[in-house]
Engineer: 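Below is one structure. I have some questions about it.
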Amino acid sequence: KHGVKDVEMTENPFEPYIESLRQQLEDQDPVFLIGVVVALAVVVITCVFLKYFLTSKTVRSAVLLVGLCDSGKTLLFSRLLSGKYKRTQTSITDSSAPYKAKNDRGSTWTLIDLPGHDSPQTSVPGEVKSAARAIVFVVDSAIFQKEVRDVAEFLYVLVTDTVISRNVPDLLVACNKQDITMAKSAKLIQQQLEKELNTLRVTRSAALSSQDGSVGDFEFSQLPMKVEFLECSARGSKGEDGDADIESLEKSLAKL
């Protein structure tokens with residue numbers, strides 16, 4: 001009995017306040033109450049929007065240059081930043097610098113040149129992946145036929161990565177070294193990579209299965225991120241003394 005009384009005593013002190021609040025709400029004009037509810041909803045929505053905007057737009061401001069060794073990433077990095085030709089060697093550490101896109105908005109991204117990978121299984125650092133607004137995957141078009149399997153495996157690792165799949169940065173496949181006579185076209189490179197990735201999807205896992213539920217051969221259009229194949233030449237058709245042929249890449253970066 002004492003236990004029941006104790007429970008009732010702990011509940012009773014709040015009842016007058018609850019009753020008073022209920023009475024005040026009932027006495028209010030319904031239009032006023034609706035206004036309060038709408039105002040609160042606006043505040044909540046604004047907070048959610050700001051949190052999303054700050055985390056998705058401000059933090060994800062990096063453009064990553066990735067690819068196999070000797071694909072021309074470091075020279076492309078230099079050309080994008082200064083336009084100048086620079087003799088390069090295989091990178092062993094990351095390089096980063098502000099890159100101002102050629103658009104009216106004056107967008108500025110952090111351009112990051114990641115070391116070339118001999119092993120396609122080498123992963124991009126987690127903090128870098130989280131910051132990626134776009135990934136520029138550089139391909140050596142001149143020797144692509146010899147490297148097609150390694151290029152496909154590296155791409156497979158990227159597009160099936162959980163962080164990248166969640167953030168869906170734009171994927172720009174830069175078919176570099178177009179100044180060389182034997183260079184393969186962007187269209188042919190895309191077709192060959194789709195065949196190789198389809199083989200990997202079948203033999204390894206279903207991680208690259210069609211996003212819309214359809215069946216059939218793999219195509220880049222099935223991926224959740226925007227994918228674009230473009231041709232470029234960091235060296236340029238006139239060699240060291242000429243300009244680079246990277247207009248298509250610059251235009252794509254300007255749209256980010």
Side-chain angles (χ1 to χ4, degrees), residues 53-140 150-151 154-155 157-177 225-236 240 243-256:
F53 182 84
L54 291 174
T55 54
S56 63
K57 299 295 183 183
T58 305
V59 177
R60 292 178 54 213
S61 59
V63 174
L64 313 184
L65 289 176
V66 302
L68 299 180
C69 286
D70 301 322
S71 58
K73 294 184 298 80
T74 303
L75 179 55
L76 191 58
F77 177 78
S78 177
R79 288 289 206 178
L80 285 169
L81 294 175
S82 67
K84 297 179 181 179
Y85 182 91
K86 181 180 178 181
R87 293 187 179 278
T88 63
Q89 57 186 16
T90 302
S91 304
I92 57 174
T93 58
D94 299 355
S95 298
S96 64
Y99 167 74
K100 189 172 183 179
K102 294 184 176 181
N103 57 32
D104 296 334
R105 303 190 307 274
S107 306
T108 300
W109 315 119
T110 301
L111 191 64
I112 303 177
D113 174 26
L114 293 166
H117 299 304
D118 284 320
S119 169
Q121 298 300 326
T122 306
S123 60
V124 180
E127 65 276 9
V128 176
K129 287 184 292 192
S130 299
R133 189 181 187 86
I135 298 175
V136 179
F137 189 92
V138 186
V139 176
D140 185 338
D150 287 341
V151 172
F154 193 175
L155 258 181
V157 170
L158 280 179
V159 299
T160 57
D161 181 87
T162 53
V163 175
I164 292 174
S165 297
R166 182 175 67 247
N167 293 339
V168 289
D170 286 5
L171 176 61
L172 307 176
V173 182
C175 304
N176 194 26
K177 303 187 182 182
M225 70 272 289
K226 176 184 176 183
V227 183
E228 181 182 357
F229 279 75
L230 49 89
E231 297 179 357
C232 65
S233 173
R235 186 173 184 271
E240 299 179 16
D243 294 329
D245 298 326
I246 56 174
E247 292 82 4
S248 57
L249 176 57
E250 290 176 325
K251 286 180 181 179
S252 296
L253 293 176
K255 295 176 185 177
L256 295 178

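For this chain, numbers begin at 1 and follow the sequence in order. Below, all heavy atoms of this structure are taken into account, side chains as well, without hydrogens, waters or symmetry copies.
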Engineer: Minimum heavy-atom separation for Ile112 to Ala62, with atom names?
Structural biologist: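 Minimum heavy-atom separation between Ile112 and Ala62: CD1-CB, 4.0 Å.
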Engineer: I need the Thr74 OG1 to Asp113 CG distance, nearest 0.5 Å.
Structural biologist: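 Thr74 atom OG1 to Asp113 atom CG measures 4.0 Å (nearest 0.5 Å).
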Engineer: At their closest point, which heavy atom of Val168 faces which heavy atom of Ser165, and how far apart are they?
Structural biologist: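 Closest heavy-atom pair between Val168 and Ser165: CG1-O, 3.3 Å.
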Engineer: Output all residues satisfying ring-ring contact (aromatic ring centres under 6.0 Å, His included) with Phe229, sequence neighbours left out; order by chain, then residue number.
Structural biologist: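 With sequence neighbours excluded, Phe229 shows a ring-ring contact (aromatic ring centres under 6.0 Å, His included) to Phe220, given in chain and number order.
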Engineer: Are the side chains of Asp94 and Pro115 in touch, meaning some heavy atoms are under 4.5 Å apart?
Structural biologist: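 Counting from C-beta outward, Asp94 and Pro115 do come under 4.5 Å.
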Engineer: Quick check: do Val173 and Leu171 have side-chain heavy atoms less than 4.5 Å from each other?
Structural biologist: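 Yes; the side chains approach each other to less than 4.5 Å.
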Engineer: Please assess Val227 against Val159 for the test side chain to side chain contact (heavy atoms under 4.5 Å, CB included), listing each intermediate value before the final yes or no.
Structural biologist: CA-CA 11 Å; Val227 183; Val159 299; over 6 Å; no
Engineer: Mind checking salt bridge (Lys or Arg N to Asp or Glu O under 4.0 Å) for Lys102 and listing every partner two or more places apart, or none if nothing turns up?
Structural biologist: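 Applying salt bridge (Lys or Arg N to Asp or Glu O under 4.0 Å) to Lys102 gives Glu250.
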Engineer: Verify side chain to side chain contact (heavy atoms under 4.5 Å, CB included) between Val63 and Leu80, making sure each step is shown before the conclusion.
Structural biologist: CA-CA 12 Å; Val63 174; Leu80 285 169; over 6 Å; no
Engineer: Run the side chain to side chain donor-acceptor pair (under 3.5 Å) test against Ser233 and tell me which residues pass, sequence neighbours left out.
Structural biologist: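 Side chain to side chain donor-acceptor pair (under 3.5 Å) list for Ser233, sorted by chain: Asp179.
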Engineer: Does Asp140 have any salt bridge (Lys or Arg N to Asp or Glu O under 4.0 Å) partners at least two apart in sequence or in another chain, and if so, which?
Structural biologist: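 Once residues adjacent in sequence are excluded, the partners of Asp140 under the salt bridge (Lys or Arg N to Asp or Glu O under 4.0 Å) criterion are Lys177.
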Engineer: Please report the interatomic distance OG(Ser61) to CZ(Arg133), rounded to the nearest 0.5 Å.
Structural biologist: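 If we round to the nearest 0.5 Å, Ser61:OG and Arg133:CZ are 8.5 Å apart.
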Engineer: Please give me the minimum heavy-atom distance between Lys255 and Arg105, naming the atom from each residue.
Structural biologist: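 Nearest pair, atom of Lys255 first, then Arg105: C-NH2, 4.2 Å.
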Engineer: Is any side-chain heavy atom of Met225 closer than 4.5 Å to a side-chain heavy atom of Ile164?
Structural biologist: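 Yes, close enough: below the 4.5 Å cut-off.
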Engineer: Report yes or no: does Lys73 contribute a side-chain atom to a donor-acceptor pair with the main-chain N or O of Leu114 at less than 3.5 Å?
Structural biologist: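 Confirmed, Lys73 side chain pairs with Leu114 backbone.
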Engineer: First locate atom OH of Tyr85, then atom CG of Leu75, and finally report the distance between them rounded to the nearest 0.5 Å.
Structural biologist: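 Output value for this atom pair is 6.0 Å.
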Engineer: Where is the tightest heavy-atom contact between Thr110 and Ser96, given as atom of each residue plus distance?
Structural biologist: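 Closest pair (atom of Thr110, atom of Ser96, distance): CG2-CB, 4.2 Å.
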Engineer: Can you measure from CG (Leu172) to CG (Leu256) and round to the nearest 0.5 angstrom?
Structural biologist: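 Result: 6.5 Å between the selected atoms.
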Engineer: Flag yes if more than 12 heavy atoms outside Asp243 fall under 6.0 Å of its CG atom; otherwise flag no.
Structural biologist: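 Atom CG in Asp243 is not packed in, count stays at 12 or less.
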Engineer: Which residues satisfy the side-chain contact (heavy atoms from CB on, under 4.5 Å) test with Ser248, sequence neighbours excluded?
Structural biologist: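 In terms of side-chain contact (heavy atoms from CB on, under 4.5 Å), with neighbours along the sequence ignored, Ser248 is linked to Leu230.
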Engineer: Please give me the minimum heavy-atom distance between Ala234 and Ala244, naming the atom from each residue.
Structural biologist: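 Nearest pair, atom of Ala234 first, then Ala244: O-CB, 3.4 Å.
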Engineer: Okay, side chain of Arg79, backbone of Arg235: is any donor-acceptor separation there less than 3.5 Å?
Structural biologist: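 It does hold such a pair.
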Engineer: Specify the closest pair of heavy atoms between Trp109 and Leu253, including all atoms of both residues, with the distance to one decimal.
Structural biologist: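 Closest heavy-atom pair between Trp109 and Leu253: NE1-O, 3.6 Å.
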Engineer: The test is side chain to side chain contact (heavy atoms under 4.5 Å, CB included); show your working for Val124 and Val163 and say whether it passes.
Structural biologist: CA-CA 11 Å; Val124 180; Val163 175; over 6 Å; no
Engineer: My understanding is that only residues two or more places apart in sequence, or in another chain, count here; which of them pass ring-ring contact (aromatic ring centres under 6.0 Å, His included) with Phe137?
Structural biologist: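 For Phe137, the residues satisfying ring-ring contact (aromatic ring centres under 6.0 Å, His included) (neighbours in sequence not counted) are Phe154.
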Engineer: Look at the side chain of Asn167 and the backbone N and O of Ala132, then say whether any donor-acceptor pair between them is shorter than 3.5 Å.
Structural biologist: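 Side chain of Asn167 to backbone of Ala132, a donor-acceptor pair under 3.5 Å: no, none is there.
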Engineer: Rounded to the nearest 0.5 Å, what separates atom CG in Leu76 from atom CG in Leu81?
Structural biologist: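 Atom-to-atom, Leu76:CG and Leu81:CG are 9.5 Å apart.
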Engineer: First locate atom CG of Leu249, then atom CG of Leu65, and finally report the distance between them rounded to the nearest 0.5 Å.
Structural biologist: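 The distance works out to 8.0 Å.
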